[in-house]
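Everything on this sheet refers to the single structure shown next.
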Amino acid sequence: MQHFRRLVIAIATTAAALTAAPAANAASTPDTVAAQSTSAVVTLRYDDSQARGWETAIAAGVASWNTNVDNVKLTKAQPGTRAEIQIVATSGWPQATIGPVKPGGRGRVELGSQAVGQGYDKTRIAAHEIGHNLGLPDTKPGPCSQLMSGSTGGVSCKNAVPNAAEQARVESYYANGVATRVPAAGRLVVDAP
């Protein structure tokens, strides 16, 4: 009888362990953790096919945003696919529409060579203009440490990294996997000094 009781207890314990194990393992698998952490990320595609001569600066500006914010990621659109952000090279001053650009939406960045001709850094220009598409207005006048201070950072300013406040604003705009509307969204900003 005692042998039978031990056998029943052993079977019950094994059954309980087997029933609980899949749930515990499913909750902690790398795939599940990755899906949970990336489910709130908004992905925006950009097209720089009309920005000849700016490719390196655009890649560095995109990398700066992708490194410093978690709720939104920028990826280069495959040829022939629709992009949310159109980046073009122009001969005027840099300008962009204020976002935050939503998935399936439309934003525009114009990287003007006039600013480069006056000595402004191409990577800072690209990161700054992309910042507009992510919802940030200019913060002029401002120091070089503020990416969105634009030209008021001066021609010697090479900073292409959003500061903590700029990062936090973009994170809040893209929180929970959605892009919230801000009052200035859709407005064109020209970044002439």
Side-chain angles (χ1 to χ4, degrees), residues 42-77 79 83-102 105-174 179 182-193:
V42 173
T43 300
L44 299 174
R45 293 162 300 182
Y46 68 92
D47 177 1
D48 65 353
S49 63
Q50 297 177 33
R52 194 164 289 144
W54 286 84
E55 297 88 352
T56 302
I58 293 166
V62 164
S64 178
W65 281 108
N66 284 344
T67 300
N68 289 288
V69 295
D70 296 320
N71 291 343
V72 63
K73 291 298 172 204
L74 303 166
T75 63
K76 190 168 184 166
E84 286 86 3
I85 300 173
Q86 284 297 131
I87 304 175
V88 299
T90 68
S91 59
W93 279 97
Q95 54 188 310
T97 52
I98 297 284
V101 173
K102 297 179 180 210
R106 215 50 164 160
R108 183 168 174 90
V109 168
E110 295 184 12
L111 300 173
S113 62
Q114 195 169 354
V116 176
Q118 291 201 9
Y120 292 98
D121 181 69
K122 282 178 119 175
T123 300
R124 179 172 167 85
I125 293 168
H128 174 92
E129 299 306 325
I130 291 167
H132 285 316
N133 275 199
L134 297 178
L136 300 178
D138 283 323
T139 54
K140 294 179 179 181
C144 179
S145 60
Q146 290 178 344
L147 176 60
M148 300 313 293
S149 69
S151 61
T152 62
V155 293
S156 63
C157 180
K158 308 282 188 236
N159 175 39
V161 177
N163 68 19
E166 294 163 332
Q167 293 170 30
R169 281 181 83 175
V170 170
E171 294 284 24
S172 72
Y173 293 154
Y174 289 95
V182 296
R187 187 171 53 105
L188 181 68
V189 178
V190 178
D191 286 307

Minimum heavy-atom distance between Tyr173 and Leu134, given as atom pair plus value = CD1-O, 3.4 Å
With sequence neighbours excluded, tell me which residues meet side-chain hydrogen bond (donor to acceptor under 3.5 Å, both in side chains) with Asn68.
-> none
Mark yes or no for whether Ser64, through its side chain, and Ala160, through its backbone, hold a donor-acceptor pair below 3.5 Å.
-> yes
Under 3.5 Å donor-acceptor, Asp48 side chain and Glu55 backbone = no
Have a look at Val69 and tell me which of Glu166, Gln167, Arg169 forms a side-chain contact (heavy atoms from CB on, under 4.5 Å) with it.
-> Gln167
Using a 4.5 Å cut-off on heavy atoms from C-beta on, say whether the side chain of Ile58 contacts that of Tyr46.
-> yes
In Å, rounded to the nearest 0.5 Å, how long is the span from OG of Ser145 to CG of Asn163?
-> 6.0 Å
Please test Ser149 against Arg124 for side-chain hydrogen bond (donor to acceptor under 3.5 Å, both in side chains), starting from the C-alpha separation and ending with a verdict.
-> CA-CA 10 Å; Ser149 69; Arg124 179 172 167 85; 2.9 Å; yes
Where is the tightest heavy-atom contact between Pro137 and His132, given as atom of each residue plus distance?
-> C-CE1, 3.8 Å
What distance separates Gln86 CD from Ser49 OG, expressed to the nearest 0.5 Å?
-> 6.5 Å
Of all heavy-atom pairs linking Leu111 and Val109, the shortest is CD2-CG1, 3.6 Å
Give a yes or no answer on whether the side chain of Lys76 reaches the backbone of Ala59 with a donor-acceptor pair at less than 3.5 Å.
-> no
Interatomic distance, Lys102 atom NZ to Leu44 atom CG [nearest 0.5 angstrom] | 11.5 Å
Nearest non-hydrogen partners of Glu110 and Glu129, listed with the distance | O-CG, 4.5 Å
Nearest 0.5 Å, what's the OG1-CZ distance between Thr97 and Arg106?
-> 10.0 Å
pair His128-Asp138: side-chain heavy atoms closer than 4.5 Å = yes
Heavy-atom closest pair, residues Val101 and Glu84 = CG1-CB, 3.7 Å
Are the side chain of Asp47 and the backbone of Ala77 linked by a donor-acceptor contact shorter than 3.5 Å?
-> no
CD/Gln146 to OG1/Thr152 distance, rounded to the nearest 0.5 angstrom?
-> 7.5 Å
Given side chains that start at C-beta, do those of Val170 and Asn71 come closer than 4.5 Å, heavy atoms only?
-> no
Only counting residues at least two apart or in another chain, list the ones meeting side-chain hydrogen bond (donor to acceptor under 3.5 Å, both in side chains) with Gln114.
-> Trp93
Provide the closest heavy-atom pair for Tyr174 versus Asn133 in the form atom of the first, atom of the second, distance.
-> OH-O, 3.9 Å
NZ-CG distance between Lys73 and Asn66, expressed to the nearest 0.5 angstrom = 5.0 Å
Is any side-chain heavy atom of Val88 less than 4.5 Å from a side-chain heavy atom of Arg108?
-> yes
